[in-house]
Amino acid sequence: MGGGRLTEVEAYLPIGDPASHSFRGETRRNRSMFGPPGRMYVYVSYGIHMLLNVVCDAESVGSAVLIRSFEPLGDVSMLCANRGMSELRSGATGKLELLSCGPGRVGQALGLHLRLDGLVFGSDSGLHLFDDGARPAVGRAVRIGIAKGGDMPLRYFASDSFFVT
DNA sequence: TGAATGATGTTT
DNA sequence: AACATCATTCAT
């Protein structure tokens, strides 16, 4: 059982956002984006990484939020194992951010598989998403790693957190 | 700075 | 059937 608190996300809009997978309509890959909200959209990036999105808008709309980073909380042994990192010694937090900062690292730490695409958060997937009541200060900036739509400040992050890319 | 790596969408 | 693209990471 590993988990954490979200620290960095990016929004991908249903309309007027050329960087969004939904921009050119529904396909087999982005089908989940057009499904009911509260489900996950998982896809392969650069042939290597499993990226996790949360479908946010109503059915057939086509929007999602990319989970870019989270702050590990509680037992991190599973996250470490998934990432191929030796158990981090308590106190020596030098490279803790390598565990879960960056969308590819998030996917690997959580042990995502393409098979989870379209599943509901919760018992179905074994992956839970909930509001723990934290209300950190939030900063905005442009999104990372996209060619088009780079002018829109749709990246949101906990501005006082160390766990941001 | 560039290699790795494969699913997906687009073009032939 | 073939090619270009890619919401990235890691090693050099």
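Backbone-only contact: A/Ile146 has heavy atoms under 4.0 Å from sugar-phosphate atoms and none from a base. As judged by a 4.0 angstrom heavy-atom cut-off over every strand, A/Gly47 is placed among the base-contacting residues. Residue contacts shown for A/Arg31 are absent, as no nucleic acid heavy atom lies under 4.0 Å away. The residue A/Arg29 sits close only to the backbone: its heavy atoms come under 4.0 Å of sugar-phosphate atoms, none of a base.
Of the candidate nucleotides C/dC6, B/dT8, B/dT10, C/dC6 has the atom nearest to the side chain of A/Tyr46. Here the side chain of A/Leu114 is nearest to one of B/dG9, B/dA7, C/dA7, namely B/dA7.
Nucleotide C/dT8 is matched to B/dA4 when pairs are restricted to Watson-Crick or G-U wobble geometry with both distances under 3.5 angstrom.
Taking 3.5 Å as the limit, the base of C/dA7 and the side chain of A/His49 contain no donor-acceptor pair of atoms between them.
Nearest-nucleotide mapping onto DNA chain C: of A/Gln108 and A/Lys148, the residue sitting toward the 5' end is A/Lys148.
Annotation: cation-pi pair A/Arg143/A/Tyr12 present, NZ/CZ under 6.0 Å from the ring centroid and within 45° of its normal.
Here A/Arg68 reaches the OP1 or OP2 of C/dT8: one of its side-chain N or O atoms lies under 4.0 Å away. Side-chain N/O atoms of A/Arg105 include one lying less than 4.0 angstrom from OP1 or OP2 on C/dC10.
With A/Ser125 as reference, A/Leu119 is the one residue of A/Val42, A/Leu119, A/Asp117 to meet the side-chain contact (heavy atoms from CB on, under 4.5 Å) rule.
The aromatic ring of A/Tyr12 sits over the base of C/dA7, with ring centres less than 5.5 Å apart and planes inclined by under 30°.
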